[in-house]
Amino acid sequence: MIKNLTLGLLATLVLFLFGQCGDAGETNLAGGTGMGNPPTGNVNISIVASSPTPALLKPAALVKSTQSDSLVVRDANGTDFIIKSISVIIRKLFFQIESEDYCEQEPEHDCEYLLEGPFINDLLSGSSVPSLKGVSLPAALFHEVELNFDSLETEDSLYASFPALQGNSILMKGYFSYKGKIDRAFSIHLTVVEELEFEGKENLIIQPDSSLSWKVDLNAGNWFQNIEITNCLDNGELMLDSNGNLLLNNPKECNELNTRLKTNILNSGSIKESEEEEEEEEEEKKEEEETLELETSEH
């Protein structure tokens, strides 16, 4: 059975083993003895959003106005939205071991581990409150990781510290260009009570006494791909406020904008170990440099 963990803002993250699964004997756990609690390793968990490099999306004049701490996303009408901040509430994180010997000798124990928040995640920096660094997990092969998105509620210990997130699951802010004004502010509040599962797609292995990083990457490049925000502003389905800015709170207008945006965000995720992530980032950087060199030579 899973025992819930109570976490405060300044509390130390402690991960408990929910049930001891198995009698004496061999186990598939890396470095395991088959008796008692298995050896553990430490994992730094980050949840981040990424997007294609602005240089590949945008005119050179606008590229200069963006910074490395921004995300660039484009709606279905070709308007670029510069995201300057994005926060997500994760209520719980589940981890499940892939090991028949370890988990099925005593079926009443499901070898599932729980971190209970809520956790306030900054998707630009990858930081979290409370921190998700140095999480202790058994040395094993994990076949499923699950993130539970939820809203920040009054009973949560973090509620008073994050007023902008009260009652919300996702909050993104930034600016965009519309009708001659290039720095119109926008903010989008979404309430999401959904699960994001990574099951059987990645082999996440922890070795005894190891220290590694797992990164949940939400690819923001396609978040607005089927959303016609610009057209909806043109036809009056969406309205700017008195200051000429766009403020959206779970918007059902614009062909169920909120539902499609939630779906796009939840479908954009992947999880990677640090070494795999670094290799892919190096390959992406090389491709971007080659593309920029080609564009420069053409001019």
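Numbering starts at 1 and runs along the sequence shown. These numbers were taken from a predicted model, which means no experiment stands behind them.
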Indicate the ring-plane relationship of Phe95 and Trp214, choosing parallel, tilted or perpendicular according to the 30° and 60° boundaries.
-> tilted
Do you reckon Leu247 sits in the same ILVMFWY cluster as Leu240, going by side-chain contacts under 4.5 Å, direct or chained?
-> no
Could you verify whether a donor N or O on one side chain and an acceptor N or O on the other, from Asn264 and Asn222, lie under 3.5 Å apart?
-> no
Can you tell which of Val192, Val193, Ile89 makes a side-chain contact (heavy atoms from CB on, under 4.5 Å) with Phe149?
-> Val192
Is it possible for you to say whether Ile271 and Leu266 belong to one hydrophobic cluster, with membership spreading through side-chain heavy-atom contacts below 4.5 Å?
-> yes
State yes or no: do Tyr178 and Val73 share one hydrophobic cluster built from I, L, V, M, F, W and Y residues joined by side-chain heavy-atom distances below 4.5 Å, directly or via other members?
-> yes
Go through the steps for Ser151 and Glu153 under the test side chain to side chain donor-acceptor pair (under 3.5 Å), then give the verdict.
-> CA-CA 6 Å; Ser151 56; Glu153 304 299 342; 2.2 Å; yes
Could you tell me whether the side chain of Asn168 and the main chain of Leu171 form a donor-acceptor pair under 3.5 Å?
-> no
Apply side chain to side chain contact (heavy atoms under 4.5 Å, CB included) to the pair Ile265 and Met172, showing each step before the final yes or no.
-> CA-CA 12 Å; Ile265 292 174; Met172 65 177 75; 4.2 Å; yes
Are the side chain of Asn235 and the backbone of Asn231 linked by a donor-acceptor contact shorter than 3.5 Å?
-> yes
Report the C-alpha distance between Leu246 and Ile188 in whole Å, list the side-chain angles of each, state the deciding distance to 0.1 Å, and finish with yes or no for side chain to side chain contact (heavy atoms under 4.5 Å, CB included).
-> CA-CA 8 Å; Leu246 180 63; Ile188 301 176; over 6 Å; no
Are Leu132 and Val48 grouped together when hydrophobic residues (ILVMFWY) are joined by side-chain heavy atoms under 4.5 angstrom apart?
-> no
Does a sphere of radius 6.0 Å around CG in Asp209 hold more than 12 heavy atoms from other residues, nucleotides or ligands, not counting ones at 6.0 Å or beyond?
-> no
Mind checking side chain to side chain donor-acceptor pair (under 3.5 Å) for Gln166 and listing every partner two or more places apart, or none if nothing turns up?
-> Tyr159
Compute the centroid of each ring, for Phe81 and then for Phe224, and state whether the two points are separated by less than 6.0 Å.
-> yes
For the residue pair Asn250 and Thr191, confirm or rule out a side-chain donor-acceptor distance under 3.5 Å.
-> yes
Asp217: salt bridge (charged side-chain N to carboxylate O under 4.0 Å, His left out) partners, not counting sequence neighbours = none
Test side chain to side chain contact (heavy atoms under 4.5 Å, CB included) on Asn245 and Phe176 and set out the steps.
-> CA-CA 9 Å; Asn245 299 320; Phe176 70 110; over 6 Å; no
I would like to know whether Leu257 and Leu248 meet side chain to side chain contact (heavy atoms under 4.5 Å, CB included); could you show each step before the answer?
-> CA-CA 10 Å; Leu257 187 156; Leu248 302 177; 4.3 Å; yes
Verify the ring-centre separation between Phe94 and Tyr113: is it less than 6.0 angstrom?
-> no
Is it the case that one hydrophobic cluster holds both Leu115 and Leu212, taking links as side-chain heavy atoms less than 4.5 Å apart, direct or via other members?
-> yes
For residues 167-193, the salt bridge (charged side-chain N to carboxylate O under 4.0 Å, His left out) pairs (sequence neighbours left out) are Lys181-Asp183
